[in-house]
Amino acid sequence: MAQRRAKVERWRARGVDPYPPRFRRSHTAREAVAALEEAERTGHAPPRVTVAGRIVAMRQMGRATFIDLRDASGRLQTYHRLDVLGEEAYAALDDLDLGDIVGVEGEMFRTRTGEPTVQARAYSLLCKALRAPPEKWHGLQDTETRYRQRYLDLMVNDVVRERFRLRHRIVQAVRRYLDERGFLEVETPVLQPHAGGAAARPFVTYHNALERHLYLRIALELYLKRLLVGGYERVYELGRVFRNEGVTARHNPEFTMLEAYQAYADYNDIMELTEGMVAYATREALGSLQVPWGDTVIDLTPPWPRVPLREAIRQHTGVDIEAHRDTAALREAAAALGLAVDPSWDWPKLVDELLANFVEPRTLQPTFIIDYPVELSPLAKAKPGAPGLVERFELFIAGREVANAYTELNDPTEQRQRFQEQLRRRAAGQEEVELGDEDFLVALEHGMPPAGGLGVGIDRLVMVLTGQTSIREVVLFPALREKGPA
RNA sequence: GGGCCCGUAGCUCAGCGGCAGAGCGGGGGACUUUUAAUCCCAGGGCCGUGGGUUCGAAUCCCACCGGGCCCUCCA
């Protein structure tokens, strides 16, 4: 770094600002190459271009120097000759380093090997880098540095740069799909007096002026439903939610969730919406509905199978949960399958565990698991003619839960009872249950139209579509422990 | 919270009781169409941190810090 600082001073001594305020380029790297090809096709004189980018390679050969620049569009080689630039300008090339950002002006030509190249007439330093970029052969491998200093990862690892472009295309397509169907995108509070809408531990913060604790939201649901009460019939929010839990390959404490609510729809309509949306986003982002996953291929062509939860568990374990309505009986059956059963688990928790351990990881192809026990779904509407069940589905792809949805419960009296039931479950030992809040119940008492709602873990969806098994590979700056004193 | 693995030069990694190593990058030199340029020269280190064992520790043991994977939990 000392050497690079000395070079900064030499540029200054030469009367050059090593950090000039602006630079106008005429072409990106890709445009410059395209302009050359166009000139070659039409027989015109080669174009004169002004390009700019980071120095990613430099080959000095005495009285000639090749520099590879990279901008957002790609790489471009520039060629600098002593007899073209003159003594002074050519000698100053010695004070350039890998990682510096420079601008180069000159005519496009092709070298002996056919490489499109800028014949430099002039060049200028646009930003002197004081620290060296990662090594060029192996690039940056160290996962910790890749996450902590993501800019280095993006600088040298093309696949990573491309992956986050893909994430953008997926999110963009999801928005477009919903927008085109008349959904209104809204923003609801991140800081909430009660953290509801999911069963998870919230982050707690404190508002000084209000003199009260607030929670970072764990879901979007309860506010979006208030908007249905208000008269919007199709709303969605795509935003960050926060859950105060372990950091793993599948969990980041903050993650991006999509929730959408549609009045006068039920969970069957929402399944069609989900299929259509995911298939659309996949095709828009990847150009195909066949997605590589490990050594297999996931086919996202709709429609996707809809399997009742009871059937799914029976298929994968041989256990019929309806034949084990008694908690003790189901616990015994689960234990017989090799599940490490916690004695505090109640019947619905056991069902949830069977699902998570035996169905979810084995469900590679997109599958809707439908009709859940009411205790697991306190915000979902009961399924007519099916006591104890609600109209709910979860979408599994690549062994992961990607979406969760139901026909929304809009009976305020029953909703109040459901929340009380959750409180009883918690009192009986279940740590994480879904709690309601009075304001939400008051809203329901004003009347919410029948509706279907959907929640999609966007990071999970991006993982599936980009073939990644760690959420940190699809989140630009994943949560890491603070770097200690070495 | 539990288990397993990892931490050595700017980067990628060898070394695993006996002088701290290589490639790339960086420095000096040669070279006017190279592209992993090539060739010559000289450098570069609290071996994650702190204890312990030993005549002697990067190497063995313990603790701590940080990371990865799996389990737990969730989405």
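So that the names make sense, note that chain A is the first sequence line, chain B the second, and so on, each numbered from 1. Quantities reported herein were computed from a predicted structural model and do not represent experimental measurements.
- Applying the 3.5 Å distance criterion, the base of B:C74 shares no donor-acceptor pair with the side chain of A:Arg400.
- A:Glu401 comes within 4.0 angstrom of the backbone, heavy atoms only, and of no base.
- Taking atom CE of A:Met61 as the reference point, atom P of B:G29 lies 17 Å away to the nearest angstrom.
- Within 4.0 Å of A:Arg75, counting heavy atoms only, lies no atom of the nucleic acid at all.
- Residue A:Thr65 is out of contact with every strand shown, counting any heavy-atom pair closer than 4.0 Å.
- Residue A:Ile471 is in base contact, counting any heavy-atom pair closer than 4.0 Å across all strands shown.
- The cationic group of A:Arg392 lies under 6.0 Å from the six-membered ring centre of A:Tyr372 and within 45° of the ring axis, placing it in a cation-pi geometry.
- Comparing B:C60 with B:G66, their C1' atoms are spaced 23 Å from each other, to the whole Å.
- Straight-line distance between the C1' atoms of B:U12 and B:C4: roughly 25 Å, to the nearest whole Å.
- The aromatic rings of A:Phe203 and A:Phe242 stand perpendicular to each other, their planes meeting at an angle above 60°, with 30° marking the opposite boundary.
- Between A:Tyr177 and A:Tyr280, a ring centre-to-centre spacing shorter than 6.0 Å is recorded.
- Side-chain proximity of A:Arg472 to B:G68, B:U32, B:A75: nearest is B:G68.
- If you check every strand for non-hydrogen atoms under 4.0 Å, A:Asp97 touches sugar and phosphate atoms only.
- When heavy atoms are screened at a 4.0 angstrom cut-off, A:Ala356 is found touching no nucleic acid atom at all.
- Aromatic ring centroids of A:His194 and A:Tyr215 lie 6.0 Å or more apart.
- The 12-atom threshold is not exceeded at CD of A:Glu332, counting heavy atoms of other residues, nucleotides or ligands nearer than 6.0 Å.
- Across B:G23 and B:G56, the matching C1' atoms stand 31 Å from one another, rounded to whole Å.
- The shortest distance between the side-chain N/O atoms of A:Ser470 and the OP1/OP2 oxygens of B:C69 is below 4.0 Å.
- Rounded to whole Å, the P atom of B:C41 lies 13 Å from the corresponding atom of B:A22.
- Closest contact between the side chain of A:Arg59 and the listed nucleotides B:U32, B:A75, B:U34 involves B:U34.
- Ring geometry for A:Phe368 against A:Phe393 counts as perpendicular: the plane angle is over 60°, on a 0 to 90° scale with 30° as the lower cut.
- The A:His251 side chain lies nearest to B:C74 when the options are B:C74, B:G67, B:U33.
- B:C65 and B:U49 have their C1' atoms separated by 7 Å, with the value rounded to a whole Å.
- Evaluation of atom-type donor-acceptor distances gives a pair under 3.5 Å for the side chain of A:Gln77 against the base of B:U34.
- Residue contacts shown for A:Gly62 include a base, since a base heavy atom lies under 4.0 Å away.
- At the heavy-atom level, A:Glu259 lies nowhere under 4.0 Å from the strands shown.
- Comparing B:G43 with B:G52, their C1' atoms sit 36 Å apart, to the nearest whole Å.
- Pairing for B:C64 goes to B:G48, judged as Watson-Crick or G-U wobble with the two contacts each under 3.5 Å.
- Closest to the side chain of A:Glu360, from the set B:C74, B:U33, B:G66, is B:C74.
- Applying the 3.5 Å distance criterion, the base of B:U32 shares no donor-acceptor pair with the side chain of A:Arg63.
- Straight-line distance between the P atoms of B:U34 and B:G28: roughly 24 Å, to the nearest whole Å.
- One finds a side-chain N or O of A:Asn357 lying less than 4.0 angstrom from the OP1 or OP2 phosphate oxygen of B:U72.
- Comparing B:C73, B:U32, B:U34 by their nearest atom to the side chain of A:Arg81 picks out B:U32.
- With RNA chain B read from its 5' end, the first of the two nearest nucleotides for A:Lys7 and A:Tyr147 is the one closest to A:Lys7.
- Comparing A:Thr117 and A:Gly457 by the nucleotide of RNA chain B that holds the closest heavy atom to each, the one mapping nearer the 5' end is A:Thr117.
- One C1' atom belongs to B:G18, the other to B:A37, and the distance between them is 41 Å to the nearest Å.
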